[in-house]
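Some notes on the structure that comes next.
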Number of protein chains: 2
Amino acid sequence: MNRSSHLDETQLLKHISLDCVVFGFHDSQLKVLLLRMKRTKDWALPGGFVLLDESIEIAASRVLRERTGLDHIFLKQFKVFSSPDRSNTNPGVQDLLDSGAIDDSSWFNQRFISVGFYALVDFSKAEPTPDLFSDLCHWKSLEDIDLLILDHNQILDKALETLRLQLNYQPIGYNLLPDRFTMPELQKLYETILGKELDRRNFQRKMLSYDILCKLEERKTGGAHKAPFLYEFNLENYGKALKHGFNGGW
Amino acid sequence: MNRSSHLDETQLLKHISLDCVVFGFHDSQLKVLLLRMKRTKDWALPGGFVLLDESIEIAASRVLRERTGLDHIFLKQFKVFSSPDRSNTNPGVQDLLDSGAIDDSSWFNQRFISVGFYALVDFSKAEPTPDLFSDLCHWKSLEDIDLLILDHNQILDKALETLRLQLNYQPIGYNLLPDRFTMPELQKLYETILGKELDRRNFQRKMLSYDILCKLEERKTGGAHKAPFLYEFNLENYGKALKHGFNGGW
DNA sequence: TCAAAAGTGTTTGGTTTACACCCATGA
DNA sequence: TCATGGGTGTAAACCAAACACTTTTGA
């Protein structure tokens with residue numbers, strides 16, 4: 001876009017949009033980044049359109065840079081949503097007209113196919129920022145999310161399902177946690193994503209056996225009770241391990 | 001399309017196409033369905049465009065019905081290919097002009113985003129049929145495939161990778177084999193997809209333990225050596241088992 | 001009658017599960 | 001000082017890999 005306050009639709013690929021399910025982890029909870037539409041106050045996933053010289057991956061990372069201030073976000077396509085009746089009218093178009101971002105609604109009130117991405121970010125580093133459609137951007141816990149616009153609930157559900165399935169094949173821990181973290185924190189993350197409790201001792205043994213963590217001398221002080229050790233990921237070994245996956249397979 | 005001999009581009013979604021990697025299994029080999037372009041004799045994956053009232057899934061199954069004569073094909077999206085330089089010119093457009101399928105090349109010489117699908121079909125039931133671009137449609141073994149048009153090699157590679165990863169989570173055996181098959185045939189299929197040999201006895205034990213097969217009284221006669229039993233899938237149990245995956249996981 | 005393929009079974013070793021025990025910390 | 005959370009260890013159960021033996025078949 002030339003100026004961020006005005007959308008130039010001649011620079012955009014018609015019929016194609018993208019939506020991102022941005023996951024963060026905070027207070028032992030999985031959070032998702034949502035936008036509140038200016039006029040209707042409905043909630044939506046962050047998304048955007050594709051510039052003529054962009055791949056959708058580049059477009060998605062541009063959108064997320066605008067929404068979070070972060071670069072090099074972990075991003076993964078998971079599904080294209082293309083039901084013919086998913087978006088003959090764009091629920092945000094009136095906001096765009098109101099704000100002067102567009103002069104004409106016709107381009108936006110077409111049928112759109114949306115490429116779904118999920119993204120993993122370090123909660124503490126992201127700075128949620130609304131877009132032209134919205135007046136608010138913030139993190140919501142999964143259980144606090146109810147009705148989203150269009151088929152965004154479906155997109156969210158599918159993203160979660162994919163996240164669970166890919167837990168053993170993607171660098172999920174690495175992207176969702178701060179650089180240094182404790183074993184109980186890592187375990188909580190796994191428990192939250194999987195929706196079930198894991199045995200503390202077996203979890204630790206298994207994790208360490210992958211040889212992807214560096215135990216630091218330092219401990220996490222401040223909390224009550226015994227101070228747990230801090231760890232960081234050994235990126236080299238982590239990368240190798242992910243190629244094979246951590247579990248199962250013939 | 002109104003008449004199969006003429007493409008009406010006003011009925012098609014701009015900038016969006018789909019390509020299918022259709023897998024079959026025959027002679028202990030994984031086969032892929034390819035088309036030969038009329039003029040250049042280059043090879044390509046079967047693909048097509050999306051009608052205004054179709055989802056891409058519906059479009060893909062329409063395309064595959066035209067290419068194989070089969071309905072209800074197992075189809076799965078695996079990735080969107082959207083590099084901006086993947087298709088500013090469509091290599092088949094001259095064939096379309098030659099054959100009178102289109103009057104004007106401009107619609108087809110745009111940038112296209114392609115949704116990649118992989119499909120699994122019963123080799124013995126498919127009837128390969130060329131499309132408007134091509135004069136030949138047939139099965140090729142993986143090792144016999146060299147250069148394909150555009151980024152179709154990349155699409156094929158990614159499809160294979162996905163197939164391997166999803167082997168334990170998708171009804172792959174069911175869709176690639178005839179209704180009744182022997183245990184050695186099923187094993188060969190797994191070995192071919194995974195690219196490695198498996199122990200005959202352990203494979204059989206493991207497969208049977210999933211409780212997804214019905215052993216029939218009948219044996220497969222005709223071949224040399226001891227006649228192996230025939231099996232069929234127990235669809236009910238197979239469906240249940242796939243929900244959890246057959247292997248690994250926390 | 002014999003080589004090759006298929007059915008069935010056993011041994012072994014590693015991995016996962018389910019626990020017990022001790023240590024550190026702040027309320 | 002004690003409840004709570006964290007670090008470490010171990011026995012039992014389970015599962016997967018490796019391998020032996022027998023049966024059937026057509027050449």
Side-chain angles (χ1 to χ4, degrees), chain A residues 25 27-29 167-169 173 177-178 180-192 194-232 241 244-250, chain B residues 25 27-29 167-169 173 177-178 180-192 194-232 241 244-250:
Chain A
F25 188 63
D27 277 347
S28 303
Q29 287 187 310
L167 188 56
N168 291 312
Y169 296 94
L177 290 176
R180 301 152 81 245
F181 53 90
T182 67
M183 194 58 81
E185 284 167 353
L186 182 59
Q187 185 182 338
K188 266 271 170 287
L189 172 61
Y190 271 69
E191 291 180 334
T192 306
L194 294 171
K196 67 177 171 190
E197 301 201 338
L198 302 169
D199 183 279
R200 182 171 60 87
R201 295 145 290 189
N202 294 334
F203 179 84
Q204 167 142 339
R205 191 197 347 274
K206 195 165 183 173
M207 262 301 157
L208 290 177
S209 77
Y210 295 141
D211 204 30
I212 56 171
L213 299 179
C214 295
K215 183 174 183 172
L216 305 178
E217 289 304 311
E218 206 172 344
R219 286 159 182 264
K220 170 148 188 165
T221 59
H225 318 301
K226 185 170 183 177
F229 283 103
L230 285 168
Y231 291 84
E232 46 182 36
H244 316 126
F246 291 124
N247 253 320
W250 287 80
Chain B
F25 188 65
D27 277 346
S28 302
Q29 288 187 310
L167 187 56
N168 291 310
Y169 297 92
L177 291 175
R180 299 150 84 244
F181 54 89
T182 68
M183 193 59 79
E185 284 167 353
L186 182 60
Q187 184 182 339
K188 267 269 171 284
L189 171 62
Y190 272 69
E191 290 181 333
T192 306
L194 293 171
K196 68 176 171 191
E197 300 200 339
L198 302 169
D199 184 279
R200 182 170 61 88
R201 296 147 288 190
N202 294 334
F203 179 85
Q204 168 142 336
R205 189 193 354 270
K206 196 166 183 172
M207 261 305 158
L208 290 177
S209 77
Y210 294 141
D211 205 29
I212 57 171
L213 299 179
C214 296
K215 184 173 181 171
L216 305 178
E217 289 305 311
E218 206 172 342
R219 287 160 181 265
K220 172 150 187 161
T221 59
H225 319 302
K226 187 171 183 176
F229 283 103
L230 285 167
Y231 290 85
E232 46 183 35
H244 316 126
F246 290 124
N247 251 320
W250 287 80

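Each chain gets a letter, A, B and so on, in the order its sequence line appears, and its residues count up from 1.
Taken to the nearest 0.5 Å, the CE atom of B:Met183 stands 5.0 Å off from the CG atom of B:Leu213.
Per the geometry, CD belonging to A:Glu218 stands 17 Å off P belonging to D:dG6, to the nearest Å. Rounded to whole Å, the distance from CE on A:Met207 to P on D:dG7 is 14 Å. Here the C1' atom of nucleotide D:dT8 and the NZ atom of A:Lys206 are 19 Å apart, to the nearest Å. For the pair A:Leu186 CG and D:dG6 P, the computed distance is 13 Å after rounding to whole Å. Nucleotide D:dG7 holds its C1' atom 14 Å from the CG atom of A:Leu230, rounded to whole Å. With rounding to whole Å, A:Phe203 atom CZ is found 12 Å from D:dG7 atom P. A:Leu208 places its CG atom 13 Å from the P atom of C:dT16, with the value rounded to the nearest Å.
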At a cut-off of 3.5 Å, list every protein nitrogen or oxygen paired with a nitrogen or oxygen from nucleotides 18-20 of chain C, distance to 0.1 Å.
| residue | atom | partner | partner atom | Å |
| --- | --- | --- | --- | --- |
| C:dA18 | N7 | A:Asn202 | ND2 | 3.1 |
| C:dA18 | N6 | A:Asn202 | OD1 | 3.2 |
| C:dA18 | N6 | A:Arg205 | NH2 | 3.1 |
| C:dC19 | N4 | A:Arg201 | NE | 2.9 |
| C:dA20 | N7 | A:Arg201 | NH1 | 3.0 |
| C:dA20 | N6 | A:Arg201 | NE | 3.3 |
| C:dA20 | N6 | A:Arg201 | NH1 | 2.4 |

Provide a list of protein-nucleic acid N or O atom pairs under 3.5 angstrom, restricted to nucleotides 22-27 of chain C.
| residue | atom | partner | partner atom | Å |
| --- | --- | --- | --- | --- |
| C:dT25 | O4' | A:His225 | O | 3.3 |

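Shown here are the side-chain contact (heavy atoms from CB on, under 4.5 Å) partners of A:Lys226, two or more places apart in sequence or in another chain: A:Arg219. Applying the side-chain hydrogen bond (donor to acceptor under 3.5 Å, both in side chains) criterion to B:Gln204, with sequence neighbours excluded, gives no partner residue. For the salt bridge (Lys or Arg N to Asp or Glu O under 4.0 Å) test, no residue two or more places apart in sequence or in another chain qualifies with B:Glu232. Qualifying side-chain contact (heavy atoms from CB on, under 4.5 Å) partners for A:Lys188, counting only residues two or more places apart in sequence or in other chains: A:Phe25, A:Ser28, A:Glu191. Partners of A:Arg201 according to the side-chain hydrogen bond (donor to acceptor under 3.5 Å, both in side chains) rule, which considers only residues two or more places apart in sequence or in another chain, are A:Asp199. Applying the salt bridge (Lys or Arg N to Asp or Glu O under 4.0 Å) test to A:Arg200 and every residue at least two apart in sequence or in another chain returns nothing. A:Glu218 meets the salt bridge (Lys or Arg N to Asp or Glu O under 4.0 Å) test with A:Arg180; sequence neighbours excluded.
Phosphate proximity of C:dA6 to B:Gln204: absent, as no side-chain N or O sits under 4.0 Å from OP1 or OP2.
At the heavy-atom level, B:Lys215 lies under 4.0 Å from the strands shown only through sugar-phosphate atoms.
Taking 4.5 Å as the limit, every side-chain heavy atom of A:Leu189 sits out of range of all side-chain heavy atoms of A:Phe181.
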